[in-house]
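Step one of this worksheet: look at the structure below.
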There are 2 protein chains.
Amino acid sequence: MSEAPALAVSTVIFTLRPDSTGCMKLALALVKRIRKPFQGQWALPGGPLGVNEDLSDAASRNLFETTGLQPRYLEQLYAFGSLDRSPGSNIKDRVVSIVYWALVGSDEAAEAIESENVSWFWADELDKLAFDHNLIVDYALWRLRNKLEYSRLAHGFLGERFTLAQLREVYEAVLGRELDPGNFRRMVEANGAVVATGERLEGTRHRPPQLYRYDSSIDLTDQGPLRNSTNKQEKKK
Amino acid sequence: MSEAPALAVSTVIFTLRPDSTGCMKLALALVKRIRKPFQGQWALPGGPLGVNEDLSDAASRNLFETTGLQPRYLEQLYAFGSLDRSPGSNIKDRVVSIVYWALVGSDEAAEAIESENVSWFWADELDKLAFDHNLIVDYALWRLRNKLEYSRLAHGFLGERFTLAQLREVYEAVLGRELDPGNFRRMVEANGAVVATGERLEGTRHRPPQLYRYDSSIDLTDQGPLRNSTNKQEKKK
DNA sequence: GCAAAAGTGTTTGGGTTACACCCATGC
DNA sequence: GCATGGGTGTAACCCAAACACTTTTGC
């Protein structure tokens, strides 16, 4: 009997970080490979699936092991399993990767583990990564940008309370273009997922903006019939 | 070292079939289980992944082994791997299933294999299936309905040439509601994926409708950066 | 007062929905 | 002619983009 391909779980970890000018930009966490195929190159964090472990738990776990953080949002991206994922490797070393993508709060990301072998990279200026990981990141980016427009994903980057300007900044960073503040406000108010707290953010050098929070009774995104069954996306700490 | 969970590939195979009144309805192919867990119950066709086989090839293969047909459209749905997929089974028998969904032409489906152990079922009146397969089918249905609206998926059910009424019938069967013929025509013409052949379908007992075909230069659906890389969805026979 | 961002109002145009109506064919 | 679906026209409506304008704070 021929041996089955090995199974691994990897995670694309997104966050927002301020660049040198203080402007928020989309970043993702990568680890440097210390072993043979693609040694020394950067790759997505990942590893084997535990025998007693759900797929999403494995993704969560390797997110934690890499950054020391918990995901604010976690969703399965795709299973990659083509034969040429690791050119030059023996067919016996074939790996099928089930990839998740995750959002991490930009406040928390600032305190994340960083080292010689774990680092954040700007999403729009990646070099060549190990394996087919460039393709995977491209796909994750595409999904993130698509979903942002018809869901409440932006919450994954923000704290409990935020101003509409901060929320807009998230949208602008992810979509890569500027948005009209007035229309953005109406768009957000119309969808109803955000509610005013009545509080204001003081200390700016202009009119103090109102603080909002998300309506927690609404899911971050519509996963259809999948919600609480196979993937538990809301993990209580 | 603990043993890794096994990997399987399954496929949700959709087609359209006329019901007793001649009206097209959405159907899917199931197989009867002949082995121990859930023996005698209906389940999605599937099986282990070959060592030298791409994921989509495995899905294609088990579609062919089940029905004798080739898919008109094939897309990865989701990887299901939660621990409680097979209640009562030993943890050592744990299986992670990478599920694909496929469309099969309704003309071809009429000639598909049917037997004691392989049969078509109406998508909207399924009994309890084996494992978590009801959830999987629900999710596949949700994806199909969602994608139909912003892509050219309906082509997967039709032959090379078709009338707009036939195309509309596909939409109505999948979406489960009636559509205005006039607006449907404009919607289809506006998106530009369909072109008139100039031919007409004669023999109806009313004004002969024009035959259309799809513009083959446009993909059936937008898969983002994934198109021709990990999943080869267009298989040459 | 001035700068800067918060927040509101208004116009416009594109696209969808509903529905009326004419057209071409078989019987 | 008449029934039937093919195919066209059109008015109403909704929604999103563009942009002008008012408000409220710090300095």
Side-chain angles (χ1 to χ4, degrees), chain A residues 18 21-24 145-152 154 158-159 161-213, chain B residues 18 21-24 145-152 154 158-159 161-214 222:
Chain A
T21 72
C23 177
M24 284 309 221
R145 291 190 173 121
N146 272 316
K147 283 215 147 180
L148 188 68
E149 296 182 55
Y150 57 92
S151 69
R152 294 180 28 220
L158 293 169
R161 286 193 299 263
F162 47 87
T163 68
L164 288 189
Q166 289 169 332
L167 184 60
R168 182 161 46 84
E169 198 178 10
V170 172
Y171 273 73
E172 291 178 339
V174 173
L175 298 179
R177 66 164 193 268
E178 299 202 336
L179 299 171
D180 182 277
N183 295 334
F184 182 78
R185 159 180 302 273
R186 267 185 296 264
M187 185 267 281
V188 162
E189 280 169 349
N191 109 0
V194 136
V195 292
T197 61
E199 300 164 275
R200 289 171 178 285
L201 178 67
E202 314 272 342
T204 56
R205 71 182 194 290
H206 53 78
R207 174 175 173 178
Q210 199 162 172
L211 284 166
Y212 291 78
R213 63 175 174 77
Chain B
T21 72
C23 177
M24 284 310 223
R145 290 190 173 121
N146 273 316
K147 283 215 147 179
L148 187 69
E149 297 182 54
Y150 58 91
S151 69
R152 294 179 29 218
L158 294 169
R161 285 194 299 263
F162 49 87
T163 68
L164 288 188
Q166 290 169 330
L167 184 61
R168 182 161 46 84
E169 198 179 11
V170 171
Y171 273 73
E172 292 179 338
V174 173
L175 298 179
R177 70 173 161 161
E178 300 201 335
L179 300 171
D180 181 277
N183 294 335
F184 182 78
R185 158 180 302 274
R186 269 186 295 264
M187 184 266 282
V188 162
E189 281 169 348
N191 110 358
V194 135
V195 291
T197 61
E199 300 164 275
R200 289 169 179 284
L201 179 66
E202 314 273 341
T204 55
R205 71 183 194 291
H206 53 78
R207 173 174 173 178
Q210 200 163 173
L211 285 166
Y212 289 79
R213 63 176 175 77
Y214 269 105
D222 183 11

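Keep in mind that the numbers below use all heavy atoms, side chains included, and drop hydrogens, waters and symmetry copies. The sequence lines fix the lettering, A, B, ..., with proteins before strands; numbering per chain opens at 1.
- B/Y214 approaches B/L167 most closely through the heavy-atom pair OH-CD1, 3.5 Å.
- Of the candidate nucleotides C/dT25, D/dG7, C/dG7, D/dG7 has the atom nearest to the side chain of B/P209.
- Between A/G182 and B/R200, the residue anchored closer to the 5' end of DNA chain C is A/G182, taking for each the nucleotide with the nearest heavy atom.
- B/R185 has a side-chain polar atom (N or O) that falls below the 4.0 Å cut-off from OP1 or OP2 of D/dT8.
- Among the protein residues, B/T163 comes within range of no part of the nucleic acid, since none of its heavy atoms lies under 4.0 Å from any strand.
- Residue B/A190 is out of contact with every strand shown, counting any heavy-atom pair closer than 4.0 Å.
- Contacts of B/E202 with the nucleic acid, taken as non-hydrogen atoms under 4.0 Å apart, are absent.
- Heavy atoms of B/G203 sit nowhere under 4.0 angstrom from any nucleic acid atom.
- Neither OP1 nor OP2 of D/dT24 sits under 4.0 Å from any side-chain N or O of A/R205.
- Between the CG atom of B/N183 and the P atom of D/dT8 there is a distance of 13 Å, given to the nearest Å.
- Rounding to the nearest 0.5 angstrom, the gap separating the CZ atom in B/F184 from the CD atom in B/E189 is 10.5 Å.
- Counting only heavy atoms from C-beta on, B/R186 has its side chain closest to D/dT10 among C/dC23, D/dT10, D/dT24.
- With C/dA24, D/dT24, D/dG6 as the choices, the nucleotide that has an atom nearest any side-chain atom of B/P208 turns out to be C/dA24.
- Residues B/M24 and B/A173 share a closest heavy-atom pair of O-CB, 3.4 Å.
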